[in-house]
Amino acid sequence: MSERPYVIDEMISAKAIAARIEELCNAIHEEFRDTDKLIVVGLLRGSFVFIADLVRELDLPVEVDFLEASSYGDSMESSREVRILKDLRGQIEGRDVLVVEDIVDTGHTLKHVTRLLKSRKPGRMRTIALLDKPSRRETDVAADWIGFSIPDEFVVGYGIDYAQRNRNLPYIGKVRFPDA
Ligand code: IMP
């Protein structure tokens, strides 16, 4: 945990997030309306709040599974090397899959995970990310749906952490160091 004091400035309100999730779910319904059972795969840990709100807005038969990939550790920089720390419990072969990510930053995580899941031969696979930082991209990956595109700021809240803290904030805020 960083000892350096920081403050959090609200960037996206809880109300704006809820409104955007409703819009995203309309698009997801449209795409998956004929599916027998959609497997919603949350990438731990940052997506746990987003996935909880998302599935409750989805009027589709869904299963939820989780996968954990390594990313930032406790720092503010991506490690770029992606390792699977926890794999899915279930099989996805022939099944429709929605991968849920909190933030697409460099894109290494989403690229690695989608490549891995595609090798398991799912049916239709789509990706959704709550936040996108396009200016940080180092790969050619893009999520099918994005909640909000944001500038190159370090953000926390709504499931997203800084050194494991602030996940419980109901909004997305940006981290600022007053001594900087
Ligand atoms: P990528 O592989 O660089 O796209 O990183 C994706 C992961 O890095 C996300 O799933 C987050 O866990 C983490 N991450 C990226 N940006 C931020 C941020 O601003 N705050 C907290 N975590 C972040």
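Numbering of ligands and ligand atoms starts at 1, following listing order.
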K.L.:
Please could you name the atoms of ligand 1 that Asp161 approaches to less than 4.0 Å, counting only its heavy atoms?
P.N.:
21 (C)
K.L.:
Whether the side chain of Lys174 engages the backbone of Glu10 through a donor-acceptor N/O pair (distance < 3.5 Å, no angle test) should be reported.
P.N.:
no
K.L.:
So is Thr139 touching ligand 1 or not, going by heavy atoms under 4.0 Å?
P.N.:
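Thr139: no contact with ligand 1 (<4.0 Å).
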K.L.:
If you measure every N or O of Val155 against every N or O of ligand 1, does any of those distances drop under 3.5 Å?
P.N.:
yes
K.L.:
Suppose I only count heavy atoms of Glu153 and a 4.0 Å limit; which atoms of ligand 1 are within that range?
P.N.:
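By the 4.0 Å cutoff, the relevant atoms are 19 (O).
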K.L.:
Below 4.0 angstrom from a heavy atom of Thr109, which ligand 1 atoms are there? Numbered from 1 as shown, please.
P.N.:
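Matching atoms, with element in brackets: 1 (P), 2 (O), 5 (O), 6 (C).
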K.L.:
Please identify each residue that fulfils salt bridge (charged side-chain N to carboxylate O under 4.0 Å, His left out) with Lys37, with sequence neighbours left out.
P.N.:
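Result, salt bridge (charged side-chain N to carboxylate O under 4.0 Å, His left out) vs Lys37: Glu63.
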K.L.:
Within the 4.0 Å heavy-atom shell around Lys133, which atoms of ligand 1 are there?
P.N.:
16 (N), 17 (C), 18 (C), 19 (O)
K.L.:
Does one side chain, of Arg120 or Gln91, offer a donor that lies under 3.5 Å from an acceptor on the other?
P.N.:
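Gln91 and Arg120 do not have a side-chain donor-acceptor pair below 3.5 Å.
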K.L.:
Hey, mind stepping through Asp53 and Tyr158 against side-chain hydrogen bond (donor to acceptor under 3.5 Å, both in side chains) and telling me if it holds?
P.N.:
CA-CA 10 Å; Asp53 282 349; Tyr158 198 72; 2.6 Å; yes
K.L.:
Only heavy atoms of His108, strictly under 4.0 Å: list the atoms of ligand 1 that pass.
P.N.:
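Once the distances to His108 are compared, the set is 2 (O), 4 (O).
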K.L.:
Would you check whether Arg136 reaches within less than 4.0 Å of ligand 1, judged by its heavy atoms?
P.N.:
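For ligand 1, residue contact (heavy atoms, under 4.0 Å) with Arg136 is absent.
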K.L.:
Side chains of Val40 and Val100: does their closest heavy-atom pair fall under 4.5 Å?
P.N.:
yes
K.L.:
Would Gly107 count as a contact of ligand 1 if the rule is a heavy atom under 4.0 Å away?
P.N.:
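Judged by the 4.0 Å heavy-atom criterion, Gly107 does count as contacting ligand 1.
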K.L.:
I'd like to know if Arg176 pairs up with Glu153 as an ion pair, taking the criterion as any Lys NZ or Arg NE/NH1/NH2 lying under 4.0 Å from an Asp or Glu carboxylate oxygen.
P.N.:
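Salt bridge between Arg176 and Glu153, a charged N being under 4.0 Å from a carboxylate O: no.
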K.L.:
Between the side chains of Asp179 and Tyr6, is a donor N or O closer than 3.5 angstrom to an acceptor N or O?
P.N.:
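There is no such pair (donor and acceptor under 3.5 Å, judged by atom type) between the side chains of Asp179 and Tyr6.
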K.L.:
Should the proximity of Thr106 to ligand 1, defined as any heavy atom under 4.0 Å, be assigned to the side chain, the backbone, both, or neither?
P.N.:
both
K.L.:
If you count every heavy atom of other residues, nucleotides or ligands that lies below 6.0 Å from Glu138 atom CD, does the total exceed 12?
P.N.:
yes
K.L.:
For ligand 1, which atoms, with element, lie under 4.0 Å from some heavy atom of Ile160?
P.N.:
20 (N), 21 (C), 22 (N)
